[in-house]
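Report on the structure given below.
Start at 1 with the first residue, then count along the sequence. Since the structure is predicted, the reported quantities are computational estimates derived from the model, not experimental observations.
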Amino acid sequence: MLDRSSQSPPHIPTDALSEVLQDFRLSGVNYGRCELRHPWSIAFPQQQLLRFHFVSEGPCWVHTEAQGWQELQDGDLVLLPQGAEHRLASKPDVVGDSLKSCHVTKLGGNVCEVVHEGTGATSTLFCGSMALGANALNPLIALMPPIIKGCDVAGNDPIVGPLLAAMTAEASQPQIGSATVLSRMADVLVARLIRCWVNCSGASTSGWLAAIRDPHIGRALAAMHRDPGHDWTLETLAGVAGQSRSIFAERFSAILGEGAARYLARLRMQLARELLGQNMSVAEVASQLGYESEASFARAFKRITSVSPGVVRRTISGRTVIEFGL
């Protein structure tokens with residue numbers, strides 16, 4: 001059963017998708033402003049971080065296992081939600097890894113400039129590698145395709161085109177604070193691309209997308225993701241959803257294939273793995289996720305994941321390294 005609590009649940013807006021996106025921020029962000037002269041080719045390994053590449057001026061091609069080579073036009077942005085392995089190049093037939101011969105200059109903070117000398121045309125790119133600062137987005141990101149081109153969805157959102165144009169103008173004439181301005185634009189643009197994909201992805205009657213779109217279940221789902229450590233009860237979640245306890249429980253299970261208690265427990269364990277990997281102690285993770293004791297958290301963690309939190313912490317702690325935009 002879900003724990004009972006006298007605490008009032010957080011206020012939840014009526015639009016669940018807006019709730020999921022309202023705290024969207026790119027955290028642990030590292031950017032690279034790239035001036036690359038043909039011929040060049042750079043490989044990007046698989047990583048557990050969202051990546052994007054904005055092409056201020058080409059030529060530029062992107063290759064993924066899922067879609068092969070695709071040419072990117074000036075002013076286009078490519079988003080790789082799950083950090084899939086890919087390659088950028090001035091032409092598809094350029095081989096090798098040009099990053100090794102690039103001159104990298106740190107400009108301050110998490111921003112660097114990457115320059116590659118050559119004999120051909122210059123490509124100007126703005127690349128980002130980042131973690132998501134909103135836990136609610138994790139299930140949504142997992143459902144997205146491995147690569148999304150901004151120009152492909154621009155027709156479904158009148159804001160995307162002007163945003164891409166504004167990023168082109170900012171990147172082509174860099175001034176003081178340009179990296180900060182571009183990063184804020186990237187926040188907005190990635191959020192818009194995610195929303196476009198959700199709106200155009202069909203009308204399934206089950207699964208996470210169907211749940212977040214549901215006017216009642218979506219609000220409860222967003223609440224759990226927004227504050228997973230809150231001492232949620234079936235009653236408080238039903239209250240957030242604006243339904244009776246029985247109707248909410250039945251509807252939640254019908255859409256997501258499991259009860260709210262089970263879903264919340266799995267969500268907490270997923271977040272626990274991430275926090276343990278950030279070198280947090282087991283006791284700190286237990287407290288942050290709403291468990292009364294380290295022992296009760298450890299039992300729940302092992303029941304759901306089949307391993308102890310101590311083993312996970314020793315195994316994955318310190319593995320995640322966020323590189324600059326390349």
Side-chain angles (χ1 to χ4, degrees), residues 1-5 9-10 12-21 23-24 48 50 66 81-82 84 132 134-146 148 194-276 285 289-291 296-297 299-307 309 312:
M1 294 180 63
L2 290 172
D3 297 329
R4 294 181 177 276
S5 171
I12 307 298
T14 56
D15 180 354
L17 185 58
S18 292
E19 165 65 12
V20 168
L21 292 176
D23 285 337
F24 176 82
Q48 298 303 312
L50 182 152
Q82 302 98 22
L132 292 170
N135 293 324
L137 283 175
N138 291 339
L140 182 58
I141 294 299
L143 294 173
M144 296 180 74
I148 297 174
I194 290 173
R195 187 167 69 179
C196 273
W197 180 81
V198 170
N199 290 337
C200 298
S201 59
S204 174
T205 58
S206 63
W208 200 89
L209 276 181
I212 201 66
R213 286 169 169 157
D214 186 277
H216 301 289
I217 301 303
R219 297 177 68 197
L221 196 65
M224 284 190 281
H225 279 271
R226 182 170 173 81
D227 190 4
H230 183 77
D231 203 0
W232 293 109
T233 70
L234 200 55
E235 287 79 7
T236 57
L237 286 171
V240 169
Q243 295 179 314
S244 70
R245 183 179 182 276
S246 59
I247 291 177
F248 169 75
E250 180 180 356
R251 180 66 176 161
F252 192 99
S253 296
I255 297 179
L256 285 160
E258 63 182 343
R262 174 69 179 174
Y263 183 93
L264 179 60
R266 287 198 309 104
L267 171 63
R268 286 174 170 172
M269 296 311 111
Q270 176 190 354
L271 297 178
R273 287 184 67 90
E274 296 176 8
L275 296 174
L276 291 167
V285 175
L289 293 179
Y291 288 86
S296 63
F297 164 71
R299 286 194 298 270
F301 189 91
K302 189 167 186 179
R303 183 176 67 253
I304 293 174
T305 68
S306 301
V307 295
V312 171

Report yes if the side chains of [X] and [Y] come closer than 4.5 Å at any heavy-atom pair, otherwise no.
| X | Y | answer |
| --- | --- | --- |
| D214 | R251 | yes |
| F248 | V240 | no |
| L271 | L267 | yes |
| F301 | V285 | no |
| M269 | R273 | no |

How long is the span from the [atom1] atom in [X] to the [atom2] atom in [Y], to the nearest 0.5 Å?
| X | Y | atom1 | atom2 | answer |
| --- | --- | --- | --- | --- |
| L209 | W197 | CG | CH2 | 4.5 Å |
| R219 | L237 | CZ | CG | 12.0 Å |
| L289 | Q270 | CG | CD | 11.0 Å |
| I255 | L221 | CD1 | CG | 9.5 Å |
| Q243 | F252 | CD | CZ | 11.5 Å |
| R245 | T233 | CZ | OG1 | 8.5 Å |

Are Y263 and H225, when compared by the centres of their aromatic rings, separated by less than 6.0 Å? yes
Check whether R268 reaches the backbone of P228 with its side chain - one donor and one acceptor, N or O, closer than 3.5 Å. yes
Check: Q82 side chain, M144 main-chain N or O, donor-acceptor pair, under 3.5 Å: yes
For E250, does the CD atom sit with more than 12 other heavy atoms under 6.0 Å from it, leaving out its own atoms? no
Looking only at heavy atoms, which two atoms of [X] and [Y] are closest? And how far apart?
| X | Y | answer |
| --- | --- | --- |
| I148 | P81 | CD1-CG, 4.4 Å |
| I304 | A265 | CD1-CB, 3.5 Å |
| A223 | W232 | O-CZ2, 3.5 Å |

